[in-house]
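Before any comments, here is the structure.
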Amino acid sequence: MIGIGWGTPRFDALCEARARAVYEQPAETEEALLMWQAAGVQRVLVHDGGGPHSDAACNEANGNIWGLLYALEHVKQHDNCVRYFTPSDGTDMLALANAANRAAQEECGGGQLAL
């Protein structure tokens, strides 16, 4: 196991890489949308339709902006649905992720990240 001290450049780089991997990905699941909700996202752009399994509702939803709560109720239209969402309200997800990482550091009072 390798220990990397909190607040070091390497730790900060790992946190930013993790934040990019988690927060800059489109949301395809209820869990991802809930994470976005906790981060302050309120509106999302719907990406759906045009695929081989798309139905009329998928095609109609594509390109619309939905409130996050509505999106949580309509994550998937059907079993083969490929719907996903991206923030549409200008939320800087990376900045939110980095703020969450800093808050976690302060809460834990420093320490080491074990890899």
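Residue numbers count from 1 along this sequence.
- Not one N or O on the side chain of Ser54 forms a donor-acceptor pair closer than 3.5 Å with the backbone of Asn59.
- A distance of 10.5 Å separates CD in Glu73 from CG in Leu68, rounded to the nearest 0.5 Å.
- Both Val41 and Tyr70 are members of a single hydrophobic cluster when ILVMFWY side chains are connected at heavy-atom separations under 4.5 Å.
- A continuous path of hydrophobic side-chain contacts links Met35 to Val75 [ILVMFWY only; heavy atoms under 4.5 Å].
- The backbone N or O of Glu60 sits less than 3.5 Å from a side-chain atom of Asn64, completing a donor-acceptor pair.
- At a threshold of 4.5 Å between non-hydrogen side-chain atoms, the residues Tyr84 and Val46 do not count as touching.
- Ring orientation note: the planes of Trp66 and His74 are nearly perpendicular, at an angle over 60° on the 30°/60° scale.
- Closest non-hydrogen pair, Cys58 versus His78, comes out as SG-NE2, 3.3 Å.
- Atoms CG and CG, on Asp55 and Asn80 in that order, are 10.5 Å from each other to the nearest 0.5 Å.
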List the steps and the verdict of side-chain contact (heavy atoms from CB on, under 4.5 Å) for Leu33 and Phe85.
CA-CA 8 Å; Leu33 288 171; Phe85 305 92; 3.9 Å; yes

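- Side-chain atoms of Thr86 and Val44, non-hydrogen and from C-beta on, never get closer than 4.5 Å to each other.
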Can you list the steps and then say if Leu34 with Leu72 is a side-chain contact (heavy atoms from CB on, under 4.5 Å)?
CA-CA 8 Å; Leu34 288 169; Leu72 280 165; 4.0 Å; yes

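- Residues satisfying the side chain to side chain contact (heavy atoms under 4.5 Å, CB included) criterion with Gln42, sequence neighbours excluded, are Asp89.
- Not one N or O on the side chain of Lys76 forms a donor-acceptor pair closer than 3.5 Å with the backbone of Val82.
- A distance of 11.5 Å separates CZ of Arg83 from NE2 of His47, quoted to the nearest 0.5 Å.
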